[in-house]
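Below is one structure; the comments refer to it alone.
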Amino acid sequence: MATPLSPQSAAPATPKTIAVVGLGTMGTGITEVLVKAGREVIGIDVSEAQAARCVAALESSTARAVERGRLTEQERADALGRLRTGTDLAAAADADLVIEVAPESYEVKHSIFRELDGVVRPDTILATGTNALSVTRLAADSARPERVLGLHFFNPAPAMKLVEVVSSVLTAPSAVAAVTDLAVELGKEPVAVGDRPGFVADGLLFGYLNQAAAMYEARYASREDIDAAMRLGCGLPMGPLALLDLIGIDTARTVLEAMYAESRDRLHAPAPILKQLSEAGLTGRKSGRGFYSYQAPGSATVVPDALTPADGGTGAAGRTVRSVGVAGSGTMASGIAEVFAKAGYEVVLAARSAEKAQAAKARIGKSLSRSVDKGRLTAEAAAQVLDLITPAGSYDAFADVDLAVEAIAEDLEVKQQLFRTLDKVCKPGAVLATTTSSLPVVACARATSRPQDVIGMHFFNPAPAMKLVEVVRTVLTADDVHATVREVCAKVRKHAVDCGDRAGFIVNALLFPYLNNAIKMVEEHYASLDDIDAAMKLGGGYPMGPFELLDVVGLDVSLAIEKVLHREFRDPGLAPAPLLEHLVAAGCLGRKTGRGFREYARR
């Protein structure tokens, strides 16, 4: 005779018969994962038509798997034979585990859980697939709260490796162990998290998506530029506005409402545009229109609309640029000089001393040699590139350059002093650009007698490899200066995005609040460094987890940028996490010091 599951009792080693309640996109994906892994699956949906669509989708996906050699015909037949569907929850009576993936509504989910209480065995585990609602609240209303937990798959479930296993204070460890073991057997990577809206991956992801929506709503940058900036500047597989369209703008709004209800953090308060689009029925790909317009409802093909930028730019003619001056001797300066020389520009690389300038040119020589070794350049081409670079120990060498690019220390007073110097030495009509990532461009412009000639050109490190340049206009920048820089970016094969002169521009303004929120999760003992990094790589498609990235960027650099963002936007949610300040005060700055959030072997 079955006994109720308690914190001390043992759940089945791994559930063998599993009911999936709700056969929409996520439920169908989870069902596919389960039947392919040898589980008997009972698919339940209130709609017979939806259940039939689930079966048809499985038949189609498994047929493609056979065509690609991933399944045999017999394995396909066996997998399809392990699924039976129905519309009545009573069909779940024999299940070891029930996974509920119904719509994100407490009322709907409570109704399902109450009915399941009267249907399933006392030892059956009940899992909710919610990513926005409280698992604890659902468990508390269950007859056996100790067997209720969250099992959050990511879409598309067959492809995405991450599964968040969500415990409430009521959940039995044996239930957690059973579903964790199941996730491993399914080929997934389970991450243990506590119960709060969004859990780890969506908790970090949706705050970032919300800020991107607010940035677009403020007309700070175009949707295309916001998305391109985050793809090219952070290596993300998809831009935030395109991702909101994929997820569903109504779904994103629901998740953010739940997050804000708990955190009261303004960063989680849904941007008004999300409400406006949702209520207009413009929910993204599924409706055929959201931030972008699509060929048809459900289509992934973006089609031009009234907001699509016209080809040909602004129409202003740019100034002629034949020679470029690069000020600085660090990694960024030498990288930018290499970029311009590879594009055929004559480059003057000037530093505070001839020795520093020569050392920077030598660094470029080593970079070019690595390209030769990898077969990306011929030795002759590398020598020609290097010959285009003239090192100089004084900024007086910029007298004849058409474009001067500053890439020195991120210190406003130092930059302003340099711009005063450039104002004196550069010829009339020369464009003066700063590569600052966080300081006001207009402050550099006002240090000169020609602020109309000053603009921001924010390259990303390493400059030869990174395709993005944020082009930052001030209210004083001339149209032909902006056109000049856009033309130059095209010639050096960089993707230029336009943004205004405010802290963080596009990338840092969206990236660093996300990193700061990850640190706060660790401060609150909500999840470990490793689990958060794994969640964002596996669930969000990020090339690096937030703590890996913080240690690479440098904790001191990260803190400085977060302070600038907090000072400019005055939002309490942007205040740097105390843990970050403590680590910087202790000299733990990341990889460059051998210790940051993690420890590294000394070179």
Between S142 and D117, do the side chains contain an N or O donor and an N or O acceptor separated by less than 3.5 Å? yes

Show me the donor-acceptor pairs, under 3.5 Å and distance only, between side chains in residues 517-525 and residues at least two apart or in other chains.
| from | atom 1 | to | atom 2 | distance (Å) |
| --- | --- | --- | --- | --- |
| N517 | ND2 | P513 | O | 3.3 |
| K520 | NZ | G573 | O | 3.0 |
| E523 | OE2 | L579 | N | 2.5 |
| E524 | OE1 | R196 | NH1 | 2.6 |

Value rounded to 0.5 Å, distance of CG in D227 from OG in S222: 8.5 Å

Check: G194 main-chain N/O paired with Y526 side-chain donor or acceptor under 3.5 Å: yes

pair L267-L574: side-chain heavy atoms closer than 4.5 Å: yes

Might you point out which heavy atoms bring L307 and E224 nearest each other, and give the distance in Å? O-OE2, 4.2 Å

Parallel under 30°, tilted from 30 to 60°, perpendicular over 60°: which one fits the rings of Y208 and Y542? perpendicular

Specify the closest pair of heavy atoms between V200 and A535, including all atoms of both residues, with the distance to one decimal. CG1-CB, 3.6 Å

How about F512 and V553: do any of their side-chain heavy atoms sit closer than 4.5 Å? yes

Between E100 and A127 (side chain of the first, backbone of the second, donor and acceptor by atom type, cut-off under 3.5 Å), is there such a pair? no

Between R591 and E599, is the salt bridge (charged side-chain N to carboxylate O under 4.0 Å, His left out) condition met? List the steps. CA-CA 8 Å; R591 289 194 177 184; E599 292 193 23; over 6 Å; no

If every non-hydrogen atom of A102 is compared with every non-hydrogen atom of I112, which pair is closest and at what distance? CB-CD1, 3.5 Å

Could you check whether any side-chain N or O of K188 sits under 3.5 Å from a backbone N or O of M160, counting only pairs where one atom can act as donor and the other as acceptor? yes

Donor-acceptor under 3.5 Å (T62 side chain, L58 main chain): yes

Can you find a heavy atom in the side chain of Y600 that is under 4.5 Å from one in the side chain of R595? no

If we only count heavy atoms from C-beta on, is the M215 to L510 side-chain gap below 4.5 Å? yes

Indicate yes or no: at least one non-hydrogen side-chain atom of R147 is less than 4.5 angstrom from one of D123. no

Where do T31 and G27 come nearest, in terms of heavy atoms and distance? OG1-O, 2.8 Å

For residues 83-134, the ring-ring contact (aromatic ring centres under 6.0 Å, His included) pairs (sequence neighbours left out) are Y106-H110

Say whether, by atom type as modelled, one donor and one acceptor occur between the side chain of S60 and the main chain of A56 under 3.5 angstrom. no

In residues 242-251, what donor-acceptor pairs under 3.5 Å come from side-chain atoms, sequence neighbours left out?
| from | atom 1 | to | atom 2 | distance (Å) |
| --- | --- | --- | --- | --- |
| D245 | OD1 | F291 | N | 2.9 |
| D245 | OD2 | F291 | N | 3.2 |
| D245 | OD2 | Y292 | N | 3.0 |
| D245 | OD2 | Y294 | OH | 2.7 |
| D250 | OD1 | K286 | NZ | 2.9 |
| D250 | OD2 | K286 | NZ | 3.2 |

Is a side-chain donor-acceptor pair under 3.5 Å present for E104 with T254? no

Of all heavy-atom pairs linking V55 and T85, the shortest is CG2-CG2, 3.9 Å

Please, which pairs that meet ring-ring contact (aromatic ring centres under 6.0 Å, His included) have at least one residue in residues 76-103, sequence neighbours excluded? none

Which atom names give the shortest non-hydrogen contact between I561 and N508, and what distance separates them? CD1-ND2, 3.8 Å

Pairs where residues 175-200 contributes a residue and the test ring-ring contact (aromatic ring centres under 6.0 Å, His included) is met, not counting sequence neighbours: H152-F199

I'd like to know if R598 and D533 make a salt bridge, using a cut-off of under 4.0 Å between side-chain N and carboxylate O. yes

Is L162 close to E189 at the side-chain level, that is, under 4.5 Å between some pair of heavy atoms? no

Show the numbers, then the answer: is there a salt bridge (charged side-chain N to carboxylate O under 4.0 Å, His left out) between K36 and E75? CA-CA 8 Å; K36 283 182 176 177; E75 287 169 338; over 6 Å; no

I'd like to know if the side chain of D551 and the backbone of F597 have a donor-acceptor N/O pair within less than 3.5 Å. yes

Return yes if a side-chain donor-acceptor contact under 3.5 Å exists between E32 and S61, otherwise no. yes

Starting at CG of N210, measure out to CZ of R253 and round the result to the nearest 0.5 Å. 12.0 Å

Side-chain donor/acceptor of R219 to backbone N/O of Y216, under 3.5 Å: no

Considering residues at least two apart in sequence or located in another chain, which fulfil the salt bridge (Lys or Arg N to Asp or Glu O under 4.0 Å) criterion with D265? none

Compute whether any side-chain donor of one residue and acceptor of the other, for S168 and D195, lie under 3.5 angstrom apart. no

Does a side-chain N-to-carboxylate-O contact under 4.0 Å join R567 and E562? no

Around atom NZ of K16, are there more than 12 heavy atoms of other residues, nucleotides or ligands at under 6.0 Å? yes

Check for a donor-acceptor pair, side chain of N516 on one end and backbone N or O of A575 on the other, with a separation under 3.5 Å. yes

For E48 and T87, run side chain to side chain donor-acceptor pair (under 3.5 Å): C-alpha distance rounded to whole Å, both residues' side-chain angles, the deciding distance at 0.1 Å, then the answer. CA-CA 6 Å; E48 287 185 8; T87 58; 4.9 Å; no

T124 side chain to A95 backbone, donor-acceptor under 3.5 Å: yes

Indicate yes or no: does R223 engage D305 in a salt bridge with an N to O separation below 4.0 Å. yes

For a 4.5 angstrom cut-off between non-hydrogen side-chain atoms, does L23 reach I44? no

Is there a donor in the side chain of E146 and an acceptor in the side chain of T171, or the other way round, less than 3.5 Å apart? no

Whether R285 side chain and A300 backbone form a donor-acceptor pair below 3.5 Å: no

Side chains of L97 and L182: does their closest heavy-atom pair fall under 4.5 Å? yes

Less than 4.0 angstrom from a charged side-chain N to a carboxylate O is my criterion; do E548 and K537 meet it? yes

Taking atom CZ of R289 as the centre, report whether more than 12 heavy atoms of other residues, nucleotides or ligands fall under 6.0 Å from it. no

